[in-house]
**Student:** 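Below is the structure I would like to discuss, written out as structure tokens.
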Amino acid sequence: MQPLLIKYRTYCSSIAISANCQIARYVRLGQIQDARRVFDQVPNKSIVSWNSIIAGYFQNNQPKEALLLFDKMPERNIVSWNGLISGFVKNRMVKEARKVFDQMPERNVVSWTTMVRGYVEEGLILEAESLFWQIPEKNVVSWTVMLGGLIQDGRVDEAQKLYDMMPVKDVVARTNMIAGYCQNGRLAEARELFDDMPRRNVISWTTMVTGYAQNQKVDVARKLFEVMPEKNEVSWTAMLMGYTQCGRIEEASEFFDVMPEKPVIACNAMILGFGQNREVDKARKIFDSMREKDDGTWSAMMKVYELKGSELETLNLFSLMQRQGLRPNFHSFVSVLSVCASLANLDHGRQVHAQLVRSKSDSDVYLSSVLITMYMKCGDLDKAKRVFDRFSHKDVVMWNSMITGLAQHGLGGEALQIFHEMCSLGIAADEVTFVGVLSACSYTGKVKQGKEIFESMNSKYLVEPRTEHYACMVDLLGRAGKVYEAMDLINKMPFEADAIIWGSLMGACRTHMNLDLAELAAKKLLELEPKNAGPYILLSNIYASKGRWADVAELRKNMMARKVSKSPGCSWIDVEKKVHMFTGGESMPHPEHSMIMKMLERLGGLLRESGYCPDGSFVLHDVDEEEKVQSLGHHSEKLAVAYGLLKVPEGMPIRVMKNLRVCGDCHSAIKLIAKVTGREIILRDANRFHHFKDGLCSCRDYW
DNA sequence: GTAGGGTTAG
């Protein structure tokens with residue numbers, strides 16, 4: 001051959017190689033269009049060019065385009081075929097991968113191993129095992145894939161057996177086995193293997209550190225971390241997360257500050273860590289300082305606001321991220337739906353639902369359970385049921401959402417019906433199920449059924465009753481007026497009663513006018529929650545009614561000394577897609593305050609005509625009679641209802657939310673308001689829903 | 001320059 005020709009050919013192939021390099025580089029950067037542009041311009045495409053661009057489409061989740069190109073290839077080698085299997089596996093299309101595997105002209109150990117890996121990733125461990133044992137010439141990689149599959153399946157003992165059978169064990173195989181032990185808390189065995197390793201690298205070290213960190217041995221993890229010969233950002237992040245997961249946020253924060261590099265994952269973990277401590281500002285500082293954010297960053301920050309109770313900030317962030325063209329992930333959807341639920345912001349909730357449908361996430365069982373809860377808490381029972389009915393395979397979480405939601409709407413019968421349906425389908429009830437079922441019984445006065453279910457929890461359903469369940473039962477008995485029986489249960493229960501239990505007994509005693517038990521419950525509650533105003537006020541009312549003025553004075557002194565304040569009642573209503581807040585007392589008045597006052601006066605007149613008489617015994621302030629009546633007129637729920645009457649178009653239900661339980665006087669008043677105005681009023685309080693219509697409430701005055 | 005295995009999360 002002529003030297004010039006050789007030179008020319010070398011020149012051509014070097015052009016081709018550099019083109020392939022460029023394609024691969026663009027693929028690595030996720031810039032598939034740029035990769036394609038280069039590919040289209042290469043004059044004499046080699047198999048490598050084709051293989052690279054096809055891999056690129058697979059990596060960018062465009063398997064159709066990848067397959068289209070594969071079909072157009074002038075010739076293919078085994079790498080092309082294996083790339084196709086691998087591409088399908090990466091796109092969770094294991095059936096397609098298998099088809100390719102069955103059709104390909106020849107297979108090597110990579111083809112087999114990729115296919116086994118495909119089954120492992122789908123959790124189809126039986127298929128993986130059967131294929132693995134058919135591999136004609138296994139190598140250390142095939143063995144390791146199978147080992148990883150068994151570990152992922154939680155079968156550590158079998159993994160150990162397989163590990164012992166391996167003819168060659170390299171650092172990757174050993175690290176896999178160490179991780180397997182660690183995930184099952186078998187730290188001693190992990191450490192032994194780690195110490196016996198002939199060679200270690202940064203990943204094996206990190207695996208061992210993570211093992212200690214995830215098993216609450218952060219200090220041991222830190223010691224090992226300190227002596228690591230080489231650290232990368234994953235090692236640092238793993239150590240950081242050891243601290244955040246144990247709730248040791250201060251140490252996490254110190255550690256975070258000295259990290260040489262702060263990868264996105266670490267920042268996200270630190271944001272969530274601060275969230276655990278409700279340190280919004282520190283979390284936000286990291287969030288703002290991050291030049292690169294991923295979807296996890298946004299969902300972490302949303303979660304922080306959600307935990308803090310800053311619902312509006314969560315919603316703001318959710319819309320901000322979308323305005324920046326980012327798609328919300330699973331966790332952001334969960335946060336935003338929870339926030340819609342707690343604000344009972346039905347409009348917004350519906351929009352999020354529409355987005356879920358668009359992003360094809362509406363078939364996710366978990367997300368749909370959150371969606372059901374959202375619709376329930378927004379008072380849209382029909383929509384909740386529709387989401388529920390769409391799923392033929394419901395998990396226990398979804399059943400729980402439905403049962404709890406029905407309970408909150410006072411539909412005890414329907415809740416029990418759903419519960420029995422779930423049991424007959426063989427779905428195992430869990431702790432949450434029983435909180436829902438028992439509170440359904442409680443809210444609807446089903447004392448007998450409630451007791452039966454509670455007593456059979458352990459024997460029939462194999463669920464050990466916990467404090468929450470005892471709380472439901474105390475509530476159930478107390479509401480039904482069986483306060484002594486409730487007291488007996490508290491004495492008999494195997495745990496110390498908590499503030500919720502005493503509070504519920506106290507409430508029952510107030511309703512049923514049992515002053516002796518009320519005093520006992522209030523005193524217990526005071527010990528547990530010295531800053532809770534409820535028991536002070538109740539006690540002072542009791543003492544006053546008995547003329548024990550010295551005790552009243554003593555109580556007042558204590559209240560002042562401990563800086564007790566009543567948690568402010570607050571109600572809100574959605575009008576024209578805007579939330580209008582009302583607080584009962586003296587704080588900032590609504591801009592349309594005078595109109596609302598006029599409405600209240602008019603209502604007052606109408607109510608008096610129909611024989612309404614304000615009931616001062618519900619007022620928690622210890623003021624004199626006249627002031628009491630005045631203050632009742634200003635309770636936040638009444639203000640919100642009045643505003644709703646002014647603004648919500650005729651024929652639409654008025655939906656009001658309140659952060660505390662509805663006051664008894666307001667409850668009577670709203671029943672009458674519904675009657676004299678002919679409007680339907682739906683009030684969601686801290687516990688449940690009240691549907692007011694024609695002078696009646698769905699709770700049948702039992703709440 | 002193209003195909004298979006191990007470490008960080010809610």
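Here is the naming used below: chain letters follow the sequence lines, and residue numbers restart at 1 for every chain.
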**Student:** Please list, in numerical order, the residues of residues 329-339 of chain A that have a heavy atom closer than 4.0 Å to any atom of DNA chain B.
**Tutor:** Asn329(A), His331(A)

**Student:** So, using salt bridge (charged side-chain N to carboxylate O under 4.0 Å, His left out) as the criterion, who are the partners of Asp288(A) when residues are at least two apart?
**Tutor:**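 Here the qualifying residues are Arg284(A).
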
**Student:** If a protein heavy atom is under 4.0 Å from the base, mark B; if only from the sugar-phosphate, S; if neither, -; do that for nucleotides 3-9 of chain B going 5' to 3'.
**Tutor:** BBBBBBB

**Student:** Out of Lys231(A), Met228(A), Glu230(A), which one pairs with Trp205(A) under the side-chain contact (heavy atoms from CB on, under 4.5 Å) rule?
**Tutor:**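 Between Trp205(A) and the candidates, side-chain contact (heavy atoms from CB on, under 4.5 Å) is satisfied uniquely by Met228(A).
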
**Student:** Could you list all the side-chain hydrogen bond (donor to acceptor under 3.5 Å, both in side chains) pairs where at least one residue sits in residues 159-178 of chain A, not counting sequence neighbours?
**Tutor:** Gln160(A)-Tyr181(A)

**Student:** Who pairs with Glu254(A) by salt bridge (charged side-chain N to carboxylate O under 4.0 Å, His left out), at least two apart in sequence or on another chain?
**Tutor:** none

**Student:** What residues form a side-chain contact (heavy atoms from CB on, under 4.5 Å) with Lys217(A), not counting sequence neighbours?
**Tutor:** Leu187(A), Tyr212(A), Val220(A)

**Student:** Taking only residues two or more places apart in sequence or in another chain, which ones pass salt bridge (charged side-chain N to carboxylate O under 4.0 Å, His left out) with Arg155(A)?
**Tutor:** Glu129(A), Asp153(A), Glu158(A)

**Student:** Rounded to the nearest Å, what distance is computed from the CD atom of residue Glu75(A) to the C1' atom of nucleotide dT2(B)?
**Tutor:**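 Result: 14 Å.
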
**Student:** Round to the nearest Å and state the distance from Tyr57(A) atom OH to dT2(B) atom C1'.
**Tutor:** 16 Å

**Student:** How would you label the contact of Ser299(A) with the nucleic acid (heavy atoms, under 4.0 Å): base, sugar-phosphate, or nothing?
**Tutor:**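 Base contact - Ser299(A) has a heavy atom under 4.0 Å of at least one base atom.
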
**Student:** What pairs with Asp40(A) under salt bridge (charged side-chain N to carboxylate O under 4.0 Å, His left out), at least two apart in sequence or on another chain?
**Tutor:**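 Testing Asp40(A) for salt bridge (charged side-chain N to carboxylate O under 4.0 Å, His left out), a comparison that skips the adjacent residues, returns Arg36(A).
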
**Student:** With sequence neighbours left out, write down each residue that passes side-chain contact (heavy atoms from CB on, under 4.5 Å) with Leu272(A), or none if nothing qualifies.
**Tutor:**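 Per chain and number, Leu272(A) pairs via side-chain contact (heavy atoms from CB on, under 4.5 Å) with Ala300(A), Lys303(A).
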
**Student:** Rounded to whole Å, please give me the gap between CZ in Phe70(A) and C1' in dT2(B).
**Tutor:** 13 Å

